[in-house]
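Accompanying notes for the structure given below.
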Amino acid sequence: MTKSLVILLHGVGARGADLEPLGDALRAYLPSTLFIAPDAPEPFDQGGPIRQWFSVTGVTAANRPQRVEVARAGFDAIIRDAVETQGFRDRLDQVAFVGFSQGAIMALDAVASGRWSVAATVAFAGRLASPPPLSPAGITRALLVHGAADTVIPAWESEEAYARLHQAGADVSLHVLPGVGHFITPDGIALAGAFLRRIFGREDLARQV
């Protein structure tokens with residue numbers, strides 16, 4: 001029986017299938033959970049059969065919030081289709097987002113803006129690029145995981161996201177992993193798996209990886 005749904009959100013210049021190994025690893029913590037990894041709605045504008053949530057061509061700190069805001073319609077359409085297709089439209093308290101890089105940006109925006117009242121969000125190597133105001137739903141808990149050696153999106157972005165979300169009233173926690181770059185490690189997966197298991201109340205699980 002599928003008790004919960006985790007939607008994996010890939011980074012720029014990738015596909016949903018790239019996160020299938022992450023879903024396989026997290027399934028050890030949540031064997032009754034369905035993991036899906038949709039493709040972002042836009043083709044990667046720098047070429048190749050890959051996707052993006054928004055363009056990073058010419059992106060700056062000043063124009064990124066607008067790009068995130070424009071990307072909301074495509075993101076919401078994909079999430080809406082996923083939750084309805086899988087039978088979770090009225091069970092968002094059993095849905096979580098897990099995003100990496102640009103996928104983490106979109107996941108954090110979805111909850112920080114108050115558009116999606118899901119149970120939890122895990123953001124690997126992300127940033128909070130949402131335009132103000134922030135209005136996160138009280139139900140959603142967030143876990144930020146970032147590598148201290150990340151040179152693509154520096155760890156201070158997650159530190160700043162933590163501060164902004166906390167100030168906005170969100171239940172948020174942050175882990176900065178020493179020596180880790182712009183990727184997901186087994187330690188990061190363990191943090192995410194334990195976090196999601198707590199959120200979904202999995203008393204039937206004892207296995208850890």
Side-chain angles (χ1 to χ4, degrees), residues 1-11 14-41 51 53 74-126 136-137 139-146 158 161 165 170-175 183-209:
M1 176 182 176
T2 301
K3 298 181 179 179
S4 49
L5 172 67
V6 172
I7 303 175
L8 306 173
L9 304 165
H10 66 78
R15 300 296 294 259
D18 295 332
L19 289 185
E20 289 179 0
L22 174 61
D24 291 341
L26 291 174
R27 193 171 290 111
Y29 294 85
L30 301 166
S32 299
T33 293
L34 174 64
F35 292 84
I36 63 173
D39 288 341
R51 312 295 290 181
W53 300 97
F75 176 90
D76 288 350
I78 285 175
I79 299 302
R80 189 178 303 111
D81 178 70
V83 298
E84 291 181 357
T85 299
Q86 304 301 333
F88 284 85
R89 182 179 63 180
D90 299 319
R91 292 196 289 153
L92 291 181
D93 62 337
Q94 290 298 310
V95 176
F97 299 147
V98 176
F100 170 70
S101 194
Q102 193 178 81
I105 292 173
M106 296 306 301
L108 288 176
D109 175 68
V111 298
S113 65
R115 300 191 330 276
W116 288 95
S117 299
V118 296
T121 294
V122 178
F124 287 106
I139 184 179
T140 305
R141 286 176 275 181
L143 170 67
L144 313 180
V145 181
H146 216 122
S158 280
L165 288 168
D171 184 342
V172 57
S173 56
L174 168 66
H175 292 270
F183 46 84
I184 301 173
T185 65
D187 285 345
I189 292 171
L191 288 167
F195 170 75
L196 292 171
R197 187 170 59 191
R198 289 194 302 270
I199 296 295
F200 291 137
R202 290 294 186 263
E203 298 178 357
D204 58 324
L205 298 183
R207 182 181 175 190
Q208 296 187 15
V209 293

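Rounding to the nearest 0.5 Å places CG of D81 at 9.0 Å from CD of Q86. In this structure, H10 NE2 and Q102 CD are separated by 8.5 Å, a value rounded to the nearest 0.5 Å. Atoms CD1 and OG1, on I7 and T121 in that order, are 10.0 Å from each other to the nearest 0.5 Å. In this structure, S4 OG and I199 CD1 are separated by 11.0 Å, a value rounded to the nearest 0.5 Å. Rounding to the nearest 0.5 Å gives a distance of 8.0 Å between CG of L191 and OG1 of T185. In this structure, the separation between CZ on R91 and NZ on K3 is 11.0 Å, given to the nearest 0.5 Å.
Here the side chains of L9 and I79 are in contact, with some heavy-atom distance below 4.5 Å. Side-chain contact between V122 and F195: present, with at least one pair of heavy atoms (C-beta onward) separated by less than 4.5 Å. The side-chain heavy atoms of T33 and L26, taken from C-beta on, include no pair separated by under 4.5 Å.
Heavy-atom minimum distance, F124 versus A104: O-CB, 3.6 Å. Of all non-hydrogen atoms in S158 and H146, the two that sit nearest each other are OG-ND1, 2.7 Å. Among all heavy-atom pairs drawn from A192 and L143, the shortest one is CA-CD2, 3.8 Å. Closest non-hydrogen pair, F100 versus F183, comes out as CE1-CA, 4.0 Å. Taking all atoms of both residues into account, the shortest heavy-atom contact from S117 to L92 is O-CB, 3.6 Å. Shown here for L19 and L8, the closest heavy-atom pair between the two residues is O-CD1, 3.5 Å.
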| Can you list the steps and then say if F97 with M106 is a side chain to side chain contact (heavy atoms under 4.5 Å, CB included)? | CA-CA 10 Å; F97 299 147; M106 296 306 301; over 6 Å; no
| request: Give the intermediate values and the outcome of side chain to side chain contact (heavy atoms under 4.5 Å, CB included) for residues L30 and F35. | output: CA-CA 10 Å; L30 301 166; F35 292 84; 4.3 Å; yes
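When the side chain to side chain donor-acceptor pair (under 3.5 Å) test is applied to D39, the partners found at least two apart in sequence or on another chain are R15.
Not one N or O on the side chain of Q94 forms a donor-acceptor pair closer than 3.5 Å with the backbone of F88. With T140 contributing its side chain and V118 its backbone, the two residues share a donor-acceptor pair below 3.5 Å. With W116 contributing its side chain and D109 its backbone, the two residues share no donor-acceptor pair below 3.5 Å.
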